[in-house]
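Structure record follows, encoded as C-alpha cells.
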Amino acid sequence: MHITSRAISHRLLPTVAGTAVIAAVTSAAALATPGVSPAHYADSLDPGSSVTITKTVETPPIPPKPDIVLMADTTGSMDGSIANVRDNASAILSQIQGTQPTAQFAVAEYKDETDGAAVYQVDQQLTGNAADVVTGINAWSAAGGGDIPEAWIGALGRIPSTIDFRPDGTRVVVMFGDAPSHDPSLGFSLGSATSGLQAAGIRVIAIDVGDLDHDGQATHVTSQTGGVLAAADPTEVASTILSELQNLPAVVTHDTTCDPGVSLSFDQASSTVTSGGSTTFQETVTLAGGAAQGSSVTCTTRFLVNGELPGPAFVQTVEIAVNDVTPPVVTVESKTVEATGPDGATTSYAASALDNVDGPLAPDCAPPSGSLFALGSTTVTCEATDAAGNTGTGTGTITVVDTTAPTAGCPEGANPGGHVPGSHNPDGFFLLTGSDAVDTAPQIYLRDTGSGTVFGPYAAGQEIKYTENGAPPSVRTMPGGILHITGNGDAEVYATDFSGNQSAPTACLVPAPPK
C-alpha cells in the first residue's frame with residue numbers, strides 16, 4: 001500500500017544490533033543438545049522378561065530439513081521491516097543453516113491486487129545457496145498498494161504450486177506484513193488457501209508488524225496449518241523470524257528395527273512439543289521366550305521430528321545380552337553287568353553333558369565310572385555346571401546281577417579210614433564239590449535217579465558213600481562224618497547259589513578199573 005495511506009514508524013535496526021538480537025535468540029535455544037538420551041542402553045535379561053527405559057528426546061530448535069519460504073509484504077509502508085530483514089538476512093540464514101545444514105530457502109513477495117503482475121512473485125526459488133537467497137531478499141522494495149487490504153491470501157494460495165518444495169522437507173512459510181488481506185484475492189478465499197496449505201503440509205508463521213490480523217485472518221491460517229502468529233516492531237522482524245522458526249510444533253515419532261527374539265514398544269506413538277523442547281517416551285524392551293540364550297540382540301530406533309531424522313544424535317540403540325538360564329543336559333548310561341566276585345563287579349559307564357551355550361561339558365559323577373558296584377542296583381548321579389552357573393543333573397542305574405550257575409562234582413572220596421582208593425572206587429566213596437564266582441558257599445544236592453529222591457543241601461567238601469541196592473532211599477552217618485546214602489538208581493549231584501542259579505547235574509559213577 002502507499003505510505004500515505006497510514007502512518008508507520010520506520011525506525012531501522014542497524015545491522016550490528018540486529019545480529020546481536022539474533023545471536024541472543026540462538027544461544028538461548030542452544031542450551032539443550034538435540035538428540036535422544038540415553039543414546040545407547042545395554043542390559044542383560046532372561047528370555048521372556050522385559051525392562052522399561054525412559055527415553056528423552058530433545059528436539060532441534062528448528063525442525064529438520066526445513067524448506068523455508070520468506071515472503072514479505074512489499075507495499076509502500078513496509079520500508080522499515082524490509083530493511084531490518086535485509087540487513088540481517090545473512091545472519092538469519094547462517095544461524096538456521098548452522099543448526100540445520102540441509103535447510104533451503106525461497107524468497108517471495110506480495111502486494112495489493114491493484115499492483116498488477118507484482119501482486120505475487122517468487123524472487124528466488126528454493127535453494128541451499130545462502131548468497132542467492134540474500135540476493136532474492138535484496139530484491140524486495142517497498143512500493144505500491146492502493147488500499148489497506150493486500151493480497152496475501154492469494155499469495156498463500158499460490159505458494160504450493162509455485163515453490164519447488166522437496167518431498168521430504170519440513171515446509172514453512174514465514175510471512176510478514178502490516179495489513180489484512182482481501183478475501184478472496186487472486187482467486188483464493190481464506191478457506192481454499194488454507195486447505196491448499198494443509199494439503200501440501202505447509203506451516204505458516206505470520207509476523208504482524210502492524211494490523212495483519214485485523215480480521216482474524218492470520219489467526220485462522222496459522223492455527224489451521226500448525227504455525228504461529230507473532231507481533232513485532234518493524235525493527236524486530238529479523239529476530240522474530242528466527243525466534244518463531246524455533247517455536248514451531250515438533251511431532252516426535254519413532255521407527256524401530258529389531259533382531260529376531262527381541263521387540264520394542266512405546267507408551268505413545270507420537271508426542272508433539274514446541275521445537276527446541278523435550279519429550280519423553282517409556283520404551284519397553286521385551287525378550288521372546290525363545291530368544292537364543294547366550295546371544296546378544298539389538299534394536300535400533302530412529303526418533304523422527306516431523307517425519308524426518310534430524311541427524312545421528314536421534315538414533316538410539318538397545319543391546320540386550322540374553323541370559324543363559326538353561327542347565328546342561330546330563331546323560332548317564334544305565335547298564336546291567338554280571339558279577340565277577342562276591343563284592344559285585346568293577347564297572348565303567350558312559351556319562352556326558354551338553355549345554356545349550358557352552359556345548360559339551362565333563363560331568364562329575366558319584367560313584368565314578370570304574371568303581372566296584374555291589375550286587376543289586378546302584379544309582380549313579382552326575383552333575384555339570386555351565387559358565388552361567390546353571391547346574392544340570394542326570395542319573396543312571398548300574399545293576400549287578402548273578403546269572404552264572406555254580407559248578408558241582410563228586411570225585412572219589414576217602415573211606416572211613418581216610419584213604420582214597422588208588423585205582424578205582426568199588427565201595428562208592430565220593431567227595432561232594434561245588435564252587436561259584438559270587439557265592440562262596442553254594443549248596444550241594446544229591447539226587448537218586450531211580451527214585452528221584454533229593455538229599456541235601458550239603459556244603460562243598462562233604463564226604464559220602466553211595467549205595468544202590470533197591471532198598472528205600474535213606475541216609476545215615478558213618479564214622480568220620482561220612483554220610484551213607486542209599487538209593488534205587490545212580491547218584492547225580494548239582495549245586496545252587498544264593499541267586500538261585502543251578503548247575504547242570506553231574507553223575508557220580510564208580511571209575512572204571514585201570515587197564
Side-chain angles (χ1 to χ4, degrees), residues 41-51 258-263 285-299 318-407 435-443 495-503:
Y41 178 83
D43 204 346
S44 59
L45 296 175
D46 293 347
S49 62
S50 63
V51 64
C258 289
D259 291 337
V262 63
S263 62
V285 186
T286 302
L287 280 182
Q293 297 176 32
S295 68
S296 180
V297 291
T298 301
C299 287
V318 172
E319 186 174 4
I320 302 297
V322 185
N323 292 333
D324 177 8
V325 298
T326 301
V329 176
V330 180
T331 303
V332 184
E333 178 186 17
S334 292
K335 64 191 304 185
T336 298
V337 298
E338 187 72 17
T340 58
D343 295 329
T346 298
T347 303
S348 296
Y349 57 85
S352 62
L354 183 64
D355 187 64
N356 62 325
V357 175
D358 299 338
L361 300 173
D364 294 324
C365 300
S369 179
S371 297
L372 178 63
F373 289 85
L375 277 168
S377 296
T378 300
T379 298
V380 174
T381 301
C382 297
E383 290 186 347
T385 301
D386 63 20
N390 304 301
T391 298
T393 301
T395 60
T397 301
I398 304 300
T399 303
V400 180
V401 297
D402 175 17
T403 62
T404 302
T407 60
S435 64
D436 185 74
V438 177
D439 188 350
T440 58
Q443 296 179 328
T496 61
D497 60 21
F498 54 52
S499 299
N501 302 303
Q502 180 175 306
S503 70

Would you confirm whether [X], through its side chain, and [Y], through its main-chain N or O, come within 3.5 Å as a donor-acceptor pair?
{"X": "D402", "Y": "A339", "result": "no"}
{"X": "K335", "Y": "G396", "result": "no"}
{"X": "S369", "Y": "Y349", "result": "yes"}
{"X": "Q293", "Y": "N356", "result": "no"}
{"X": "D386", "Y": "P328", "result": "no"}

For [X] against [Y], the heavy-atom pair lying closest together:
{"X": "D324", "Y": "A388", "value": "O-CB, 3.6 Å"}
{"X": "I320", "Y": "L287", "value": "CG2-CD1, 3.9 Å"}
{"X": "P368", "Y": "S371", "value": "O-OG, 2.6 Å"}
{"X": "V322", "Y": "A292", "value": "CB-O, 3.4 Å"}
{"X": "V325", "Y": "P47", "value": "CG2-CD, 4.0 Å"}
{"X": "T399", "Y": "T397", "value": "OG1-CG2, 3.7 Å"}

message: So V51 and L45, do their side chains get closer than 4.5 Å, heavy atoms only?
response: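 Result yes, sub-4.5 Å side-chain heavy-atom pair found.
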
task: Determine whether V400 and L375 make a side-chain contact, defined as any pair of heavy atoms from C-beta on separated by less than 4.5 Å.
output: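 Counting from C-beta outward, V400 and L375 do come under 4.5 Å.
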
task: Would you check, one step at a time, whether the test side-chain hydrogen bond (donor to acceptor under 3.5 Å, both in side chains) holds for S503 with T407?
output: CA-CA 6 Å; S503 70; T407 60; over 6 Å; no

